[in-house]
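What you are looking at is a predicted structure, and each value in this text was computed from that prediction instead of being measured. Below, all heavy atoms of this structure are taken into account, side chains as well, without hydrogens, waters or symmetry copies.
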Amino acid sequence: MLDEFGLYPREEQFDPLGVMLFKALQVIAFLFFLALLAVSPDSKEGKIDSKAEFIITMDWPDNHPDDLDLFVQDPAGNIAWYRHREAGFLTLDRDDRGGANDFIVVNGKKIPSPIREEIVTVRGIVAGEYTVNVSHFQAMTGEPVLANVKVQKLNPTAQVIFDNKLTLNHTGDEKTAVRFRLDAEGRVINVDQRPKSLLETFRNVRSNGADLDPKTRVRIRRE
């Protein structure tokens, strides 16, 4: 009588096929887990170490149409710039051309980015003097532009060694933002702002008949 009201538990009918499928699924899941463990160490071998010793940034007002360029020279004479983005341990991570290329693509559409910034990273230590210059490649507004240049030492802890603003007045204007010297251990032993033209270095090389770099466009200011 009680059984009619479901007060006693009933034993469900044994389904061997269902049990076999469940066990097979457990085995497949376990094998998949083992495969992931086997693949993960190999994938790490392809990773690139992005360690940097110094990061040098230049920025100017958001949405500004003018094109400013950052040039960095190391003690060996290597110069990172828009035509030679990797030079020695120097890497130009971003060439910002003002209003010409500041956009991101979302769903196939170009959306303007307001940020104006160029970045050079120093990925190794070479003792000697580094020169950081800024050039006003194209003055769309015809007005002076205020640029901020910052140099940060990243190891062993982050430290700002230079942070200052300078004004670029016209197309072709080049100014030295900072020159800093490192010892063999990568310690900063001197910081100053003595002027030094890096564009003049390029012009001297060109006048001697040397080929700087056959890549991309030529944007060196001519007198």
Side-chain angles (χ1 to χ4, degrees), residues 51-61 64 66-96 98 116-139 143-208 212-213 219-221 223:
K51 177 183 177 182
E53 299 293 339
F54 290 81
I55 183 168
I56 302 166
T57 59
M58 173 190 65
D59 61 76
W60 60 106
H64 203 290
D66 285 15
D67 182 356
L68 305 186
D69 289 315
L70 182 63
F71 294 75
V72 180
Q73 184 182 51
D74 71 8
N78 299 307
I79 301 177
W81 57 306
Y82 57 81
R83 287 194 64 205
H84 201 160
R85 300 181 66 148
E86 294 186 6
F89 288 130
L90 306 175
T91 302
L92 175 63
D93 294 315
R94 174 172 170 74
D95 174 25
D96 193 322
R116 300 293 182 262
E117 184 180 52
E118 293 207 356
I119 303 171
V120 170
T121 51
V122 184
R123 302 188 183 277
I125 298 298
V126 178
E129 186 179 74
Y130 292 75
T131 302
V132 180
N133 278 17
V134 177
S135 172
H136 200 163
F137 172 70
Q138 192 167 28
E143 299 292 335
V145 182
L146 187 65
N148 186 78
V149 176
K150 180 186 293 186
V151 180
Q152 299 178 76
K153 186 179 187 300
L154 302 181
N155 297 308
T157 58
Q159 175 188 3
V160 177
I161 66 169
F162 179 83
D163 187 0
N164 202 7
K165 293 178 172 59
L166 52 88
T167 300
L168 298 165
N169 295 303
H170 53 78
T171 296
D173 193 12
E174 179 195 9
K175 290 185 177 178
T176 297
V178 63
R179 296 165 73 172
F180 61 95
R181 183 174 294 275
L182 305 181
D183 65 13
E185 301 300 323
R187 292 185 292 262
V188 180
I189 56 178
N190 185 61
V191 177
D192 65 63
Q193 294 177 274
R194 292 174 293 113
K196 174 184 177 181
S197 175
L198 298 182
L199 291 179
E200 188 64 34
T201 300
F202 294 143
R203 283 193 289 270
N204 290 338
V205 173
R206 289 171 63 87
S207 65
N208 292 333
L212 284 176
D213 190 346
R219 303 196 307 175
I220 295 177
R221 174 173 61 91
E223 298 295 348

- Note on the structure: Closest heavy-atom pair, E118 versus L70, reported as atoms and distance to 0.1 Å, is OE1-N, 3.0 Å
- Task: For the residue pair V160 and V151, establish whether any side-chain heavy-atom pair is separated by less than 4.5 Å.
- Result: no
- Message: Quick check: closest heavy atoms across V134 and L168, and the distance to 0.1 Å?
- Response: CG1-CD1, 3.2 Å
- What is the minimum heavy-atom distance between E117 and W60, and which atoms define it? N-CZ3, 4.0 Å
- Item | A52 backbone acceptor or donor facing N155 side chain under 3.5 Å | yes
- Passes side-chain contact (heavy atoms from CB on, under 4.5 Å), V122 versus I56? Steps please. CA-CA 8 Å; V122 184; I56 302 166; 4.2 Å; yes
- Measure across T171 and F137 and return the closest heavy-atom pair with its distance rounded to 0.1 Å. CG2-O, 3.1 Å
- Item | Plane angle bin for F71 and W81 - parallel if under 30°, tilted between 30 and 60°, otherwise perpendicular | parallel
- Message: Nearest 0.5 Å, please: how far is CG in L198 from CG in D69?
- Response: 12.0 Å
- Message: For a quick check under 3.5 Å, do H136 and D66 share a side-chain donor-acceptor pair by atom type?
- Response: yes
Side-chain donor-acceptor contacts of residues 177-185 below 3.5 Å, not counting sequence neighbours, with atom names and distances?
residue: R179; atom: NE; partner: E129; partner atom: OE1; Å: 3.2
residue: R179; atom: NH1; partner: R194; partner atom: O; Å: 3.3
residue: R179; atom: NH2; partner: E129; partner atom: OE1; Å: 2.8
residue: D183; atom: OD1; partner: E185; partner atom: N; Å: 2.9
residue: D183; atom: OD1; partner: G186; partner atom: N; Å: 3.0
residue: D183; atom: OD1; partner: R187; partner atom: N; Å: 2.8
residue: D183; atom: OD2; partner: R187; partner atom: NE; Å: 3.0
residue: D183; atom: OD2; partner: R187; partner atom: NH2; Å: 3.2

- Interatomic distance, D59 atom CG to H64 atom NE2 [nearest 0.5 angstrom]: 12.5 Å
- Rounded to the nearest 0.5 Å, the CD1 atom of I55 sits from the CD atom of Q152 at a distance of 6.5 Å
- Compare every heavy atom of R85 with every heavy atom of D95, then report the nearest pair and how far apart it is. N-NH2, 3.6 Å
- Basic-acidic side-chain contact under 4.0 Å: R123, D93: yes
- Query: Without hydrogens or angle criteria, can the side chains of E174 and S197 be said to hold a donor-acceptor pair below 3.5 Å?
  - Reply: yes
- Message: Is the shortest side-chain heavy-atom distance between L199 and S135 below 4.5 Å?
- Response: yes
- Given the rule in the side-chain contact (heavy atoms from CB on, under 4.5 Å) test, do N190 and D192 qualify, once you have shown the distances and angles that lead to the verdict? CA-CA 7 Å; N190 185 61; D192 65 63; 3.0 Å; yes
- On a heavy-atom basis, the closest approach of A147 and L68 is CB-CD1, 3.9 Å
- Task: State, yes or no, whether a side-chain contact exists between F54 and I161 at a heavy-atom distance under 4.5 Å.
- Result: yes
- Query: If you round to the nearest 0.5 Å, how far is CZ of F89 from OH of Y130?
  - Reply: 8.0 Å
- Task: Drop me the distance from T91's OG1 to E86's CD, to the nearest 0.5 angstrom.
- Result: 5.0 Å
- Query: Out of curiosity, L90 CG to I79 CD1, how far, rounded to the nearest 0.5 Å?
  - Reply: 9.5 Å
- Message: Please tell me whether N148 and D163 have a donor and an acceptor in their side chains that are separated by less than 3.5 angstrom.
- Response: yes
- Going by an N to O cut-off under 4.0 Å, is there a salt bridge joining K51 and E53? yes
- Query: Under 3.5 Å, is there a donor-acceptor pair between the T176 and N133 side chains?
  - Reply: yes
- Task: Output, in order, the C-alpha distance, side-chain angles, deciding distance and verdict of side-chain contact (heavy atoms from CB on, under 4.5 Å) for K150 and M58.
- Result: CA-CA 7 Å; K150 180 186 293 186; M58 173 190 65; over 6 Å; no
- Test log, rule side-chain contact (heavy atoms from CB on, under 4.5 Å), inputs N169 and K175: CA-CA 10 Å; N169 295 303; K175 290 185 177 178; 3.6 Å; yes
